[in-house]
Amino acid sequence: MKRNLSLYIHIPFCVHKCIYCDFLSFDDSMYATQLQYMDALRTELGLYRPYADRYVVRTIFIGGGTPSIVDESLIEALLSTVRQIFSVDRFAEITIEANPGTLKYTDLLAYQSYGINRLSIGLQSADDEMLRMLGRIHNFDQFVAGFTSARRAGFRNINVDVMTGIPGQDMHSCVDTLTRVMEYRPEHISAYSLQVEEGTPLSQDPVLMDMLPDEEADRRMYAMTKKILRTNGYERYEFSNYCQPGCECRHNVVYWTGGEYIGIGLGAASLFKGERFSNLRELDAYLELMKEVSELEAKEHDKLQLYEAVAPHLHRDPMAMYVDRRMEEFMFLGLRMMRGVSRKEFQERFHKDMFSVYGSVINHYVDDGFMVLDEDRVRLSDAGIDVSNLILSDFLLNS
């Protein structure tokens, strides 16, 4: 029986990099660079041929960067290669990320024809001045135009990203963004609190840093976000993710529940064959390595030997997922979800009772009101979510 697999494909190009972004992405809209990189992605996919017949792909997520700036024909070629190598479930969830300033109706129609059935739009705010300050390339009217075009093109599963904790943001602007987004009824909303990462332009701008809402104001906006979305029929199923019934992001649920996935592209992370690893992060080195792989493939090298020869050069920091590490991740990733973790599933996966490993930690936080025990499941309470970083760290073994 084939095992389930997810694919994440990273396209790092942006029209303009936002001031808060520390993702592996960069400004480069040159077609020649994009063409070379997309060819490299297809070459890397080919490395997994020796394992492909063991799996069926249930979800694909094309992220970035801004994948929607790439010519749609390159997206078609990419997905065609995926289907040539892997068995893709006919009901697979296939997502592409997009910036409202790059959405074209003709591209959206093309995405649909390629089997892409989920769109993730990075709005962040309905306030045009805040968008400009963050370095976003769109305004709210462009978001509306892009969202409307997506509906016309046939998309019935759309996520919208919004953000709290933006410099200059207050409760009024937070509520205004949520209220205006609600008018368009996206199936899914990711509501993140801005994290200021060291080394980003935002972190080095003292004026903007001084405009950040304080922790208490951000907490109130976070609470208001939950209230407004719940009132409008959105179920909160993970710390920062809300959806209409049945519209969870299946790809992200794979991450939170310890499913197997392969990351393709620059810096992409994988959990595959009992190991965690991520790809090298230097563009020139990645392109050169994939060029060498392509040349070796043309000489009909043994596919398994080729993978084993290339992996040490492509994959960084491989970590064997021994049982203790797998139990840790089962707990601290699963507890990010509102449903929590299942004692029965823990037993089935690890052949141990959850309470024989974590009983003292769970009982401590249940007694203090930070966790809730519901028959088979253990989950964080609302109070627990507020201090989740501290709680989740206690599920690390031998720490």
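Just so you know, these numbers use all the heavy atoms, side chains as well, and skip hydrogens, waters and symmetry mates. In this chain, residues are counted from 1 in sequence order.
A salt bridge links Glu329 to Arg276: one of the charged nitrogens lies within less than 4.0 Å of a carboxylate oxygen. Classification of Arg132 and Asp128 as a salt-bridged pair fails, no side-chain N sitting under 4.0 Å from a carboxylate O.
Between Phe370 and Tyr365, the ring planes are perpendicular. Angles over 60° get that label, and only those under 30° would be called parallel.
In this structure, Tyr261 has its ring center no closer than 6.0 Å to that of Phe61. For Tyr237 and His188, the ring centers sit closer than 6.0 Å to each other.
Inspection of the Gln84 and Ser80 side chains reveals an N or O donor paired with an N or O acceptor under 3.5 Å. Side chains of Asp127 and Ser173: a donor-acceptor N/O pair is absent below 3.5 angstrom, by distance only. A donor-acceptor contact closer than 3.5 angstrom links the side chains of Asn159 and Ser190.
A donor-acceptor pair under 3.5 Å is absent between the side-chain atoms of Arg343 and the main chain of Phe355, judged by distance alone. A distance-only check finds a donor-acceptor pair linking the side chain of Arg136 to the backbone of Gly122 [under 3.5 Å]. Under a 3.5 Å cut-off, the side chain of Arg83 and the backbone N or O of Ser87 do not form any donor-acceptor pair.
The cationic group of Arg349 does not satisfy the cation-pi geometry with Phe330, failing either the under 6.0 Å distance to the six-membered ring centre or the 45° limit from the ring axis.
Heavy-atom contacts from other residues, nucleotides or ligands closer than 6.0 Å to NZ of Lys273 number more than 12.
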For this session: Verify side chain to side chain donor-acceptor pair (under 3.5 Å) between Asn157 and Glu93, making sure each step is shown before the conclusion.
Result: CA-CA 10 Å; Asn157 193 356; Glu93 175 193 89; 4.7 Å; no
